[in-house]
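Below: the structure, in structure tokens.
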Amino acid sequence: MNTQLVDTLAQIFQSLTPEEKTLFNQKVKSLHQTSERPFYETATTSEWITAFREWAENHHHDGPILSDEAISRESIYGERG
């Protein structure tokens, strides 16, 4: 943490007029309000669907197809007692 910077900023803030302090506080508040929230917090259901489809379409579709044996329950879990 840069305590010297924080001290300097505090001194500058103290030297401001009441109007300048109000303007400064508004600027700081707007910085917090305009910070972008993560997609998962703001996306609608249709935005999630669109994003998922775009993600899926960006993968290769020319890979080998697994056989029924390769995806059978026995080959996945093996012999479970």
Side-chain angles (χ1 to χ4, degrees):
M1 176 191 288
N2 190 339
T3 56
Q4 185 178 5
L5 175 62
V6 173
D7 291 341
T8 303
L9 290 171
Q11 289 173 355
I12 292 169
F13 184 79
Q14 289 300 319
S15 70
L16 297 175
T17 66
E19 294 83 17
E20 291 168 332
K21 287 180 181 179
T22 300
L23 179 61
F24 178 81
N25 286 328
Q26 290 171 350
K27 295 280 186 181
V28 170
K29 185 177 180 181
S30 72
L31 288 173
H32 290 292
Q33 290 174 345
T34 59
S35 61
E36 192 171 318
R37 291 173 49 204
F39 178 80
Y40 67 86
E41 288 183 359
T42 60
T44 64
T45 301
S46 84
E47 289 171 332
W48 271 106
I49 292 168
T50 301
F52 178 77
R53 287 184 176 155
E54 288 174 359
W55 172 82
E57 289 171 4
N58 284 322
H59 291 78
H60 295 286
H61 298 284
D62 56 355
I65 297 175
L66 295 174
S67 68
D68 288 342
E69 174 60 30
I71 60 172
S72 69
R73 179 177 294 276
E74 293 78 23
S75 67
I76 293 172
Y77 295 108
E79 291 190 28
R80 297 180 99 185

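Side chains are part of it too, since the values below use all heavy atoms of this structure and drop only hydrogens, waters and symmetry mates.
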Task: Approximate separation, where rounding is to 0.5 Å, of R53 CZ and W48 CH2 - done: 15.0 Å
Task: Nearest heavy atoms of R37 and T42, plus distance in Å - done: CB-CG2, 3.8 Å
Open item on the list: Around atom NE2 of H61, are there more than 12 heavy atoms from other residues, nucleotides or ligands closer than 6.0 Å?
Closed with: yes
Task: CD1-CD distance between I12 and Q14, expressed to the nearest 0.5 angstrom - done: 11.5 Å
Task: Within one Ile-Leu-Val-Met-Phe-Trp-Tyr cluster: V28 and L16, side-chain cutoff 4.5 Å - done: yes
Open item on the list: Could you report the tightest heavy-atom contact between I76 and I71, atom names first, then the distance?
Closed with: CD1-O, 3.5 Å
Considering only distance and modelled atom types, tabulate donor-acceptor pairs under 3.5 Å from the side chains of residues 17-25, sequence neighbours left out.
from	atom 1	to	atom 2	distance (Å)
T17	OG1	E19	OE1	3.4
T17	OG1	E20	N	3.1
T17	OG1	E20	OE1	3.3
E20	OE1	T17	N	2.8
T22	OG1	P18	O	3.0
N25	ND2	K21	O	3.2

TODO: Check whether more than 12 heavy atoms from other residues, nucleotides or ligands sit under 6.0 Å from atom CD of Q4, and answer yes or no.
DONE: no
Task: Partner residues of E69 under the side-chain contact (heavy atoms from CB on, under 4.5 Å) criterion, sequence neighbours left out - done: S67, S72, S75
Open item on the list: Once side-chain contact (heavy atoms from CB on, under 4.5 Å) is applied, do any residues pair with A51, and if so which ones, sequence neighbours excluded?
Closed with: F39
